[in-house]
Amino acid sequence: MAEYVRGAPEVAVIRMCNPPLNTISDVMLRALSEEVNRANIDPTVKAVVICGANGKFSAGADIRGFSVGIEKNTLSLESVAALIEKSEKPFVAAIEDIAFGGGLELALGCHYRIANMKAQFGLPEVKIGLLPGGGGTQRLPRLIGIPTALDMITTGKYVPATEALKLGLLDEIVEENPFEAAIKLARRILGQPVGPRRLSLKQTPKLPNMEAFLHEALLKVKKQAPGCLSPEMCFRAVEASVYLPFAEGIRKEKELFLLLLTSDQAKALQYAFFAERISKKWMLPNGASWKTVSPQPIRKAAVIGLGTMGQGIVVSLVKAKIPVVALEKDKKHLEIARKAIKASLERETLRMQQKGKTLDIHKSKLLHFTLDFGALKDVDLVIEAVFEDMVLKKETFCKLSEICKPEAFLGTNTSCLDIDEIASITNRPQQVIGTHFFSPAHVMKLIEIIRGQHTSPTAIATIMNLAKMMDKCGIVVENCFGFVGNRLLSSYTEQTYFLLEEGSTPEEMDKILEEFGFKLGPFKVSDLAGLDVGWKSRIGQGLTGVNLPLGTPPRQRDGKRYSPLPDILCENRRYGQKTGKGWYLYDKPGGKIAKSDPWLHNFLQNYRKAHNMTTRTITQEEILERCLYSLVNEGFQILSEGIASCPEAIDTIYLNGYGWPRHKGGPMFYASEVGLPKILTKLQKYAEANPDIPKLQPSPFLQKLVTLGSPPLKNWPSLVSPQQSKL
Ligand SMILES: CC/C=C\CC(=O)SCCNC(=O)CCNC(=O)[C@H](O)C(C)(C)COP(=O)(O)OP(=O)(O)OC[C@H]1O[C@@H](n2cnc3c(N)ncnc32)[C@H](O)[C@@H]1OP(=O)(O)O
């Protein structure tokens, strides 16, 4: 776990060794403490270098260890950092590539820090529901000042080595492996007193307006993730470094750390961390998997259809340094897209510069705008983002089939249509795959990767690799209408319309769901995304519009309850923000501030009267349960059909594409925490009261799990009937 060797005469080296990322377990801490003591008592050792094996310093404490809790008398990370700091011999941290969490806290205990150019630094504990409990909340502000330390600790963001040097976090940076430079530094400082280098002896630098600064900072932190505890606790711990002596600050840090450690939120956030990693490991029934199949290189890609989605996809590809051919159907649309993409890339360049990275869009020849399909003949991948219309998609794929080289992959950004039907028109169904991005595509992390019945494992591996290159989270799912995310979403939104019919309001439901943790309630989301998007899809499905058979009851389709409310709004050109009115009223088309709209409330009253519906008061409990339980019910159904490989995949999709509050883990995790028997009982109750809403009928898989005694979430995939397992 920690090797002890001689690096040079008089310099001992302690190397952390826990592949792949040198995470710090209890065993590692014990080994570190032993080696630090050994170096301290060895009279021939005059200085010590601490480094990491495998080309990494450390990714911090082993997160899996937190779920077991902290036993009394185990060594704490803070005590090891303190042991290092107290040493009379200088300790130099030689930081290669990463120093995160506890790794950085150990480095802060050292008297000097030196790193390679591409190293990154951060205290990301806030993202897993914790705070840096190894002295980081007290040492970092003393070293780099309150504003930057507070920002790093409350957001968990990483800073690159160049910035860390400017901040004073590092003493030196070198091009390559910092080990040799650390030995040299150690030899240079032999015999120098370490007292002035001990951060615990420093004062946190004062600001002239400290109180006002902290007041403002707290407001910002509270806004960052409403309802999430860890950012505020991080703030409180850092604040202690201003007002309390070091030892008391450490006590405060520990007290707050222990409070978070046992919280449900920490459990949910740590689940989310591992869920993202579990769900990336795809595997097919024939044994092909992320381990066995190699991706093909994407040297050049193309995007067809440069609306909002297409533009975002182009920007994502350019950011990943992949040359792109961007194609539109006419000059006018091409010019609009060219301007929008250029502006977006300029904003991205600025953002990346602020992060210490580069994206030189001017020098690079990464982008080629065209109206000519011929320009696609040498690309390795095309991502189609034309309108959501099967006829148009098939026309496009037919052309692509003729023009693109045979080995090119063809991705479709459809959000619900049948991948197999699209693939059937091509001469290479094995190369056709769903690549469902989320808007805005250059910001949102998720790509649902949809496997058609002929999609090859190589196509999957290639798009998964592309997702990684774009710093996105690719999740492989099976083909069905709406795939995973939109199937869950439609169960949820359907309930919101029914509840509106029964007496609730957009304001009330948005408030309740925002209090639950969604950044925006469902009606605000709908106004933002545009009600016309879903309307066009429903027209395409024959649920509304001219193709609806005469005599269809207004609130029923195929014998099931249907709410025409969003269709009626669209018929009145209430598309949401873009037309200045939707479920809310805006001051102008494109306006962003939602105001309650008397027209809508009047309309709802008349609608209820016209359909002989009595308005009733609906409790907060019913709103939450019907919206959220119908959503998770669809999740159980999706699992039982083999559309998603595991609950972690569903949760990762919903966390990264649909705004589910991360501190609640994801819908399936939430269901497991609420308790499956409770969810089943409630669904049964609501289904009985609403026999015409099939989505409230408990999924047989949920019933099976309850009958089996509600096994833990990680066992659910093994309980899906083997005939259904497709992933
Ligand atoms: C008193 C308490 C003091 C301190 C508290 C802490 O230190 S809490 C931990 C703080 N550190 C982090 O939160 C870092 C978490 N890790 C990451 O963000 C990424 O792993 C990282 C370091 C950016 C590397 O990303 P990359 O994409 O290269 O690899 P990947 O994420 O797939 O990780 C590889 C495998 O390592 C596992 N892992 C990573 N970090 C930890 C960790 N801190 N604890 C436990 N396990 C970790 C990850 O799950 C992967 O495992 P695998 O089984 O291969 O899927």
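Heads up: numbering here begins at 1 and tracks the sequence. In each ligand, atom 1 is the first atom listed, and ligand 1 is the first ligand listed.
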For ligand 1, the portion of I128 having any non-hydrogen atom under 4.0 Å away:
side chain

Check: E85 side chain, S200 main-chain N or O, donor-acceptor pair, under 3.5 Å
yes

Do N40 and S87 have side-chain N/O donor and acceptor atoms under 3.5 Å apart?
yes

Hey, does E172 have a side-chain heavy atom less than 4.5 Å from the side chain of Y112?
no

Give yes if a backbone or side-chain nitrogen or oxygen of I98 is under 3.5 Å from a nitrogen or oxygen of ligand 1, and no if not.
no

Ignoring hydrogens and angles, tell me if any N or O in the side chain of T455 forms a donor-acceptor pair with the backbone of I460 under 3.5 Å.
no

Side chains of I653 and F483: does their closest heavy-atom pair fall under 4.5 Å?
no

I need the atoms of ligand 1 closer than 4.0 Å to a non-hydrogen atom of G60, numbered in the order shown.
7 (O)

Quick check: does any side chain N or O of N22 sit under 3.5 Å from a backbone N or O of K56, one acting as donor and the other as acceptor?
yes

Counting only heavy atoms closer than 4.0 Å, does ligand 1 sit against the backbone of L21, its side chain, both, or neither?
side chain

Minimum non-hydrogen distance to atom 12 (C) of ligand 1, winning option of G122, S58, P124
P124

Treating N18 as the side-chain partner and M1 as the backbone partner, does any N or O pair qualify as donor plus acceptor under 3.5 Å?
no

At less than 4.0 angstrom from any non-hydrogen atom of E125, what atoms of ligand 1 do you find?
4 (C), 5 (C), 6 (C), 7 (O), 8 (S)

Show which atoms of ligand 1 fall inside a sub-4.0 Å distance from at least one heavy-atom site of E105.
3 (C), 4 (C)

Can you list the ligand 1 atoms lying under 4.0 Å from a non-hydrogen atom of K281?
52 (P), 53 (O), 54 (O), 55 (O)

Looking only at distances, please establish whether an N/O atom of ligand 1 is found under 3.5 Å from an N/O atom of A61.
yes

Could you tell me whether A59 and ligand 1 have an N or O pair separated by under 3.5 Å?
yes

Sub-3.5 Å N/O-N/O distance, G102 and ligand 1:
yes

Subset of ligand 1 atoms that lie under 4.0 Å from at least one heavy atom of F274
49 (O)

Under 3.5 Å, side chain of K157 to main-chain N/O of G122, donor-acceptor pair present?
no

At a non-hydrogen distance cut-off of under 4.0 Å, which region of T23 contacts ligand 1 (side chain, backbone, both, or neither)?
side chain

For the pair T154 (side chain) and C234 (backbone), establish whether a donor and an acceptor sit closer than 3.5 Å, ignoring hydrogens and angles.
no

Specify side chain, backbone, both or neither for K127, according to which of its non-hydrogen atoms lie closer than 4.0 Å to ligand 1.
neither

As a check for students: among F66, Y158, F100, identify the option with a heavy atom nearest to atom 18 (O) of ligand 1.
Y158

Would P132 count as a contact of ligand 1 if the rule is a heavy atom under 4.0 Å away?
no

I'd like to know whether CD of E248 has more than 12 heavy-atom contacts from other residues, nucleotides or ligands below 6.0 angstrom.
yes

Specify whether Y654 and Y658 have parallel, tilted or perpendicular ring planes, treating 30° as the upper limit for parallel and 60° as the lower limit for perpendicular.
parallel

Numbered atoms and elements of ligand 1 in range of G101, under 4.0 angstrom, heavy atoms
7 (O), 10 (C)

With a 4.0 Å heavy-atom cut-off (strictly under), which part of E78 contacts ligand 1: side chain, backbone, both or neither?
neither

At a 4.0 Å cut-off, with the gap strictly under it, does some heavy atom of Q120 reach an atom of ligand 1?
no

Side chain to side chain, L381 and T462, heavy atoms closer than 4.5 Å:
no

Polar proximity ligand 1 side, R277 side, N/O cut 3.5 Å exclusive
yes

